[in-house]
Amino acid sequence: MATIDEIPQEIIDFARRTAANYETKIVSVRDVFLSKVTGEPAAGIGFCTKHKAKAITHKQAGKDRVLVEFNVSDGENTIECIAHNANDKYLEGGLSNEELTTLMDNLDESQKLGSKVEIYGAYVNHGAKRLFVVDTLCLDTGLMQSQMTAAQFAEFKQLCKDHGTSPLELMMRDDTLWAELYAKEYLKKAILLFCLSPERKQDMIHIGIVSSHGEGKDHLVERVIEPLVPCRLVGSGKLATIAGLFGAMSGDDLSCLEVGLLPKMNHQRVAISEFQTWDDTTFGELMNMMANGSVSIQKGSLDVTRETTENLLFLGNPPVHYNEEDYSKKDMLAAFGKYTHQIVSRLSLIFTQLSLAGDDATDHIRTAILRAMDRDFDDGDMKDTLEMWRKFFREYLAFVSRLRPKLREYAPRINSNYDVLEQKSQFKAAFNIRNKRDNRKYQEFANLVRGFARLQGDDQIGIHHVGEAYKIFSKSLTTLTEEFPIKALEYGIDHQLIDIHTRLLAKVREPSTKEEIRKMVKISDRQLEELCQIKAVIRFDSDNTYLVRDFNWDAMEEGA
Amino acid sequence: MKSQSERDTTWLMLRIYYYPQFAEGVVELPWSERYETLRTLYDVGNEVPWEIRSETPMEDMMEYVSRKGYFKFFCAGTTVGDDGSFKFHPLLTECLSPHGF
């Protein structure tokens with residue numbers, strides 16, 4: 001995306017003015033935890049992990065009064081809370097019967113469905129215990145609802161139109177959201193799709209990225225995604241247990257199911273780093289969640305369903321057993337274990353790409369690394385500007401995630417585009433399609449179309465949304481079936497050299513001199529020498545000519 | 001009128017998103033194969049088939065595309081319906097290069 005042109009000042013001013021009024025909301029009860037000593041009023045957001053109603057028999061409380069004991073946890077801290085409808089003489093902060101009933105209803109929903117609750121109150125001493133007395137509790141939709149108003153959204157769209165740009169173009173720029181990481185355009189688009197907040201299971205966009213080590217996958221999460229939208233990075237291998245992901249029985253109370261990471265990030269997103277280190281069983285448990293957007297847990301006397309409508313991003317390396325003699329490129333995804341086909345079927349986009357930035361981007365990458373090491377992004381104006389854009393687009397993304405552009409009206413074009421993709425040999429090779437039709441892939445494609453409409457802030461589907469979905473789906477297929485010459489990687493061959501060889505093969509059909517070759521394809525002495533060394537090009541010393549061979553980069557030998 | 005507008009919208013999409021792929025992909029074919037592909041596409045989309053004008057038809061084809069490009073062949077291999085749906089000839093689909101975007 002072009003970043004040469006300056007962003008129009010009017011748009012910058014609008015974003016700065018608007019973002020200044022946005023609050024940063026996070027799921028945390030830490031403020032409540034820290035108010036334990038002072039007893040100052042505090043607020044927090046978390047999940048109810050257990051609740052229990054008790055009778056109050058103290059005469060100062062009044063007749064038939066009830067005390068509700070409950071725990072609210074953010075996964076890191078757990079707050080022991082109470083709410084009651086007793087007289088103030090017994091304990092301050094009493095609620096009315098209706099308020100207490102609503103509170104119990106909300107607690108029940110939070111515990112069973114994993115909805116977040118927002119609590120307000122203060123710590124008091126009650127008997128020998130220090131408890132947080134809740135005076136207000138409401139189901140929290142704050143992270144789903146945008147702070148951007150419809151008027152702000154309309155003004156932003158109009159400003160973009162007036163200045164000949166679009167929200168997506170602005171989000172793709174290296175001076176807004178991508179200052180700290182250099183990435184290819186399609187990868188930027190995929191990540192922005194991932195940053196949408198799924199409201200229903202049909203909105204979920206799961207993405208897999210398998211690439212070489214040292215490609216900045218964690219950096220992508222830490223410096224692009226996490227600062228922009230709520231996203232949690234899951235640990236690798238044994239550090240990410242099923243109990244930790246889905247919710248474990250509490251050691252203190254077997255009637256209590258703790259909040260796992262996935263329910264906690266409902267309507268948000270989770271990135272899984274080094275997913276190839278996970279056990280098969282973990283992927284097995286993920287399958288339902290990826291398709292249905294919820295998990296059902298039956299443990300002890302508990303039978304709960306927790307909503308996990310969220311986007312997943314799998315980041316990893318090819319499996320260690322991979323070798324190109326015995327396996328196809330698709331088998332690189334065997335990192336998903338015995339559930340590979342099922343997981344791949346549930347991924348909207350998969351990129352198996354050696355380099356996330358492209359080999360022609362070395363200078364940009366190195367500059368970004370050095371700037372990060374110099375902490376350019378952590379100080380002064382640069383930090384303020386980046387934070388401003390992130391804050392602004394966080395609310396923009398939350399706003400557009402709620403748009404519902406109708407797909408039906410565009411069905412003929414969506415269907416035709418999908419048919420073209422499905423006819424490609426790579427499609428069947430990539431997804432191991434047994435039936436003639438893959439309805440899940442169709443749904444994922446339609447969701448990509450809608451995703452692009454949302455990123456552009458459009459409430460009607462247009463040709464560019466379908467076209468962009470086709471492009472990125474097509475690119476995903478290409479990387480999955482064509483662009484992962486592992487052996488070439490082992491030999492230290494970069495993509496640029498492979499591209500040059502492809503062009504040579506197309507244009508240099510007869511033995512030609514270096515000068516003749518250079519008239520057709522731009523190539524340096526060093527690159528030609530490298531191609532000769534691996535015998536992708538043969539040099540004839542007798543007349544100083546070169547013959548370009550059909551070369552199999554997977555096997556690093558002459559092609560068939 | 002509506003169906004015409006639907007067709008035009010689809011053609012706009014095809015021109016932006018598919019033609020560059022086709023133009024990139026078709027030139028990757030060696031001329032012998034390219035000639036057959038282009039000729040087939042032309043014959044599919046035109047009432048009068050590709051005319052053999054000389055003893056060197058491949059050179060005639062080269063001369064034709066050097067002047068007019070590949071868009072006419074792309075159009076010939078594409079059918080656009082009144083509802084905006086479209087279909088490519090299988091040979092055209094094969095020519096859609098992933099590097100054409």
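Below, each value reflects all heavy atoms present in this structure, side chains not excepted, and no hydrogens, waters or symmetry copies.
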Measure across A:Asn417 and B:Phe86 and return the closest heavy-atom pair with its distance rounded to 0.1 Å.
ND2-CE2, 3.6 Å
B:Gly84 and A:Pro412 have their tightest heavy-atom pair at C-CB, 4.2 Å
Measure B:Leu29 against the heavy atoms of chain A and call it side chain, backbone, both or neither at under 4.5 Å.
neither
For B:Thr93, is it the side chain, the backbone, both, or neither that has a heavy atom closer than 4.5 Å to a heavy atom of chain A?
side chain
Intermediate values then yes/no, side chain to side chain contact (heavy atoms under 4.5 Å, CB included), B:Lys87 and A:Asp419:
CA-CA 8 Å; B:Lys87 204 168 179 181; A:Asp419 289 343; over 6 Å; no
So do A:His464 and B:Tyr17 actually touch side chain to side chain, heavy atoms under 4.5 Å?
yes
Less than 4.5 Å apart, any side-chain heavy atom of B:Trp31 and any of A:Arg509?
no
More than 12 heavy atoms of other residues, nucleotides or ligands under 6.0 Å from [atom1] of [X]: is that the case?
X	atom1	answer
A:Gln460	CD	no
A:Arg408	CZ	no
A:Lys157	NZ	yes

How long is the straight-line distance from NE2 of A:His465 back to CE of B:Met13, given to the nearest 0.5 Å?
12.5 Å
Nearest 0.5 Å please: distance from the CG atom of B:Asp83 over to the OG atom of A:Ser416.
7.5 Å
Carefully, step by step, assess A:Ile463 and B:Trp11 under the rule side chain to side chain contact (heavy atoms under 4.5 Å, CB included).
CA-CA 10 Å; A:Ile463 54 167; B:Trp11 273 114; over 6 Å; no
Backbone N or O of B:Glu6 within a donor-acceptor pair of the A:Arg413 side chain at under 3.5 Å?
yes
